[in-house]
Structures are given as C-alpha cells and as structure tokens.
Amino acid sequence: MPSSPALARRLLRRGSLALTGLWLAVAPVGAQGGPPLRIGVLTDLSSLYADNGGNGSVVAARMAVEDFGGRVLGRPIEVIAADHQNKTDVGAALARRWLDADDVKVIVDVPNSAIALAVQDITRERGRVFLASGAATSRLTGDACSPTGIHWTYDTYALAQGTARAVTRRGGKSWFFVTADYALGTQLEEDGRRVIQAAGGRVLGSVRHPIGSPDFSSYLLQAQGSGAQVVGLADAGGDLILALKQAAEFGLVQSGQTLAGLLVFIADIHGLGLAAAQGLILSTAFYWDLNDETRAWSQRFVARTSKVPTMIHAGTYGAVTHYLKAMAAANTDDGPTVAAQMRKMPVNDFMTRDGRIREDGRLVRDIYLMQVKSPAESKGRFDYYKLLETIPGEEAFRPISAGKCPLVTRG
C-alpha cells in the first residue's frame, strides 16, 4: 500500500499513463482534507482543434479553479487533461476510465461533435456532469440531450443562425456553400440554408470537399462562378484556414463577394493573418476586446499562454466556475443534483450576462456578429474584429420546442 498521499498520486498517474499514454495531471491535489474533486478536460492537444481548445482549455479550467479558491465542499480541486486525438473510440475510452477508475466528477470541453455525443451518453449512464464547452453539434440539446449535460458556449444552430440571418438581412440574398463533407459541415449548411430561406434569401448551389483537402481551387472557382453575393464556408480548423487563404488569392472579396464563416475561431484568424481573412463575417460567443471585463480576463490568459483566447477557452472558464458554484450551493457532488442546481442559477461572468440554462441543457446567451478587420484597421496585437451586431440569445439559439429533447416538458 502507498505510504503517503503523494506516493498514491504518483502511482495513480503512472497507472493511468501506462493504460492510455495520454492522461496527465495538470494541477496539484493540494493540502489534506478529503479526496480531490477531479475535473477532466477532454480536448484536442495535438491536432486540428488544438489552438481553439487544447492546452488553452486546460489553462482556463485551472484559472477557474484558482479563482474559486481551489477547494469545494472542503475538498481540494484537481484538474486533469487528456488528448482524444479526434478519435471517438479513444475519447470514449478515456471518459470511461476517468469516470470508472479515476473518480472524475465532471468532463469539460470536447471540441469534436462525434466524441461529445459519445461522452454525453457515457456521462448520462453514470450520472456524471458533462460541460460541452468546445463541441458544436446542436444534437446535444436535441434528441441526444441529457439531464447531466450542459451545452455551454455555442452550437451549430446559433452560429448558422447568427451569421446567415444577419448577412441575409444586411443584403446578402444569394449564397453558395463550400461545405466539409462530414457531419459538422453538413449540419452547418443545413442550418444555414433554413435560416437563409426564412430570411428571404436563396442558395444558388453548394460543393462538398473532403476533410483535410489539400486544395480548394476548384471549389472556390465554382463559388466565384455561381455569381452568389455570399460564399458560406461550412467547415472548420485547417480546412477553413486553407479555404480563406486561397479565397484571398483568387480575390473573391475584391471582386465583390462576401465571405461568411459558419464556424470560425479567432485562433484561425491569428494563424491566417488579416490580409487573407479581412472582410470575413462570422458569429462568436466571445471576443476578448468587448469590454473591460473581457479585456482583464484575456490579459491574464495571454500572460499564461501567449495566445489569444477563443470562445472555447472563455466558455471552459465559465462552465467550470458555474459548476463549482452550483456544487457549493447544492452541498453535494452528486451529478444529477449539481446539474439541476446549475439550471436553477443565472449565469453571470465576464463572458455572459444574465444567461440561463434551459431544461434541455442549452445555455442561452448573446452571440456577436463580427467582421474581420483589414490590416490597416487593426491597431495592435489580436485587434482582429469589429462588432457589427449583438444577437440576443433568445433569437440566436434554437427554440426549445424545436429541439425534440425528451427531457422537455410538453405543455
């Protein structure tokens, strides 16, 4: 038997690493006073979404724990993290290991919709909380909703709703979609089409590209040749960056077309540069330069990471903070009880004002319509966006009656 808590922790970490090669502790257990309350950040540490979530989500979770005081219900709080490698089987295995062997009470982030749906099922079965701060699919609050699942930051419906409706209302009546040929892309296009048509616009056509496509030339030429006023990019990560880069080379914006991104992160813009991304219209749940509070938190984040915070990073901080507040208020770590308490409490932090978590698990908050600045407009580091419109949460997110969540009480 281990002779000390420190030795026990070392053995636990060694065993977990031997099992997965991926599990790592990123915060000390802390002082004596009961077993640690473990928070698991399941994220992409090495691939497509590492800049959007990744280590930044781990840092954000640690910041939330530190700001909360490092303890809850008399217990130290420990943050652990793992790389799901964008593989559903790996992500699901890690989630099961955490819940069954490592006594993780809550899983956070998961920037991959397929993995997030699997984790939602696993946490539902085991009565643990899942805070989807990085996942996009609106199914998490639809047919796949869970009493212990909270969809925190954004979803495909809100981003498509925000961007497509606002651009259409602002005069972009005709669209052509360049869409990633997998679940996320097709769902973004489907939600976008519905919104565009409802707002009086029309879709002239679309083209599908494989994930990780090395060349977007043919797809962008089709978009340019369509004569559409707006080219909707229904993809993400590296695909989005390459599409934007080549769109700049072809001069789509200079020729009069508007580029609209349905899932864009500020880390993508940072990696791409303003010269290629200028003029892009997008929706986001967070921007670091919105007000004094967002700037103050972001300054702390940048000091630790040297990177611009994304909406996933800000959302992870907010989700962990609200979870810990709810646990303290409920005086228990029981998953269903804490999740119910989270739904009862309003959400107020530097990112969200008077937010509320609905019966289906959707946090309703404002979404912001942004346009990427030109290099001449930018006044300094990370000064990338100008605010076009604030979209109220009730308008941005799918009505609860339309989600088909089995938890929702029918009138």
Side-chain angles (χ1 to χ4, degrees), residues 24 26-27 39 41-67 79-86 108-112 131-136 152-154 159 236-242 244-245 261 263-278 280 282-321 349-352 368 370 372-373 375 378-387:
L24 64 154
V26 295
I39 298 171
V41 182
L42 186 59
T43 190
D44 178 356
L45 292 167
S46 59
S47 187
L48 294 172
Y49 309 118
D51 287 336
N52 298 328
N55 185 62
S57 291
V58 182
V59 170
R62 292 187 68 183
M63 289 172 65
V65 169
E66 292 167 10
D67 290 350
V79 176
I80 64 174
D83 186 349
H84 60 46
Q85 300 181 29
N86 285 298
V108 192
D109 196 9
V110 194
N112 179 297
L131 305 175
S133 54
W152 194 266
T153 310
Y154 64 98
L159 298 186
D239 287 332
L240 174 74
I241 291 173
L242 184 56
L244 287 170
K245 184 179 296 184
L263 181 53
V264 182
F265 294 92
I266 195 168
D268 301 328
I269 305 304
H270 180 72
L272 184 64
L274 294 182
Q278 61 183 310
L280 179 72
L282 58 99
S283 294
T284 185
F286 171 77
Y287 180 49
W288 70 269
D289 200 20
L290 280 174
N291 54 54
D292 289 343
E293 287 183 276
T294 59
R295 284 187 285 272
W297 183 86
S298 297
Q299 184 176 23
R300 293 172 55 207
F301 181 90
V302 172
R304 294 189 181 210
T305 65
S306 299
K307 294 184 177 181
V308 60
T310 70
M311 58 178 163
I312 292 178
H313 301 147
T316 297
Y317 178 98
V320 170
T321 298
D349 57 34
F350 69 89
M351 180 184 183
T352 305
Y368 305 99
M370 299 284 188
V372 178
K373 292 182 175 181
S378 178
K379 303 303 181 185
R381 190 185 186 198
F382 304 143
D383 180 24
Y384 297 156
Y385 293 167
K386 51 187 174 184
L387 178 65

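The first residue of the sequence shown is numbered 1, and numbering continues consecutively from there.
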Dump the intermediate steps for side chain to side chain contact (heavy atoms under 4.5 Å, CB included) on W297 and M63, then the final yes or no. CA-CA 10 Å; W297 183 86; M63 289 172 65; 3.4 Å; yes

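- The local environment of CD in E66 is crowded, with over 12 non-hydrogen atoms from other residues, nucleotides or ligands closer than 6.0 Å.
- Counting heavy atoms from C-beta on, the side chains of D383 and K373 come closer than 4.5 Å.
- Evaluated for a side-chain hydrogen bond (donor to acceptor under 3.5 Å, both in side chains) with D44, the options N112, N52, N86 yield exactly one hit, N86.
- By the 4.5 Å heavy-atom criterion applied to side chains, S57 and V108 are not counted as neighbours.
- For the pair G315 and S133, the tightest heavy-atom approach, listed with the atom from each and the gap, is C-CB, 4.0 Å.
- Checked by atom type and distance alone, the side chain of D268 never pairs as donor or acceptor with a backbone atom of V264 at under 3.5 Å.
- Here F350 contributes atom CZ and Y317 contributes atom OH; the two are 6.5 Å apart, rounded to the nearest 0.5 Å.
- Between L45 and A82, the shortest heavy-atom contact is CD1-C, 3.9 Å.
- Side chains of D109 and L42 form no contact here, defined as non-hydrogen atoms less than 4.5 Å apart.
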Could you please spell out the steps behind the side chain to side chain contact (heavy atoms under 4.5 Å, CB included) verdict for M370 and L387? CA-CA 5 Å; M370 299 284 188; L387 178 65; 3.9 Å; yes

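- In this structure, CG in L131 is found 8.5 Å from CD1 in I39, a value given to the nearest 0.5 Å.
- Within the 4.5 Å cutoff, the side chain of D67 has no heavy atoms near those of the T321 side chain.
- Between H313 and F286 the shortest side-chain heavy-atom distance does not fall below 4.5 Å.
- Residues satisfying the side chain to side chain donor-acceptor pair (under 3.5 Å) criterion with Y384, sequence neighbours excluded, are H270.
- With hydrogens and angles ignored, the 3.5 Å screen pairs a side-chain donor or acceptor of T294 with a backbone N or O of N291.
- Nearest approach of I266 to P309, heavy atoms of both residues: CG2-O, 3.5 Å.
- Note: F382 CZ to W288 CH2 = 8.5 Å, rounded to the nearest 0.5 Å.
- Taking CG of N55 as the reference point, atom CZ of R304 lies at 11.5 Å (rounded to 0.5 Å).
- Annotation: the span from Y49 atom OH to H84 atom NE2 amounts to 9.0 Å, rounded to 0.5 Å.
- Counting only heavy atoms from C-beta outward, the side chains of W152 and T316 never approach each other to under 4.5 Å.
- In this view, R295 and D289, D292 satisfy the salt bridge (charged side-chain N to carboxylate O under 4.0 Å, His left out) rule, not counting sequence neighbours.
- The distance from atom CG of L272 to atom CD of Q278, rounded to the nearest 0.5 Å, is 10.5 Å.
- For the pair V41/R62, no side-chain contact is recorded, criterion being any heavy-atom separation below 4.5 Å from C-beta on.
- Considering only heavy atoms from C-beta on, M311 comes within 4.5 Å of L159 through its side chain.
- Residues G56 and F301 come closest through the heavy atom pair O-CE1, 3.4 Å.
- A donor-acceptor contact shorter than 3.5 Å links the side chain of Y287 to the backbone of Y385.
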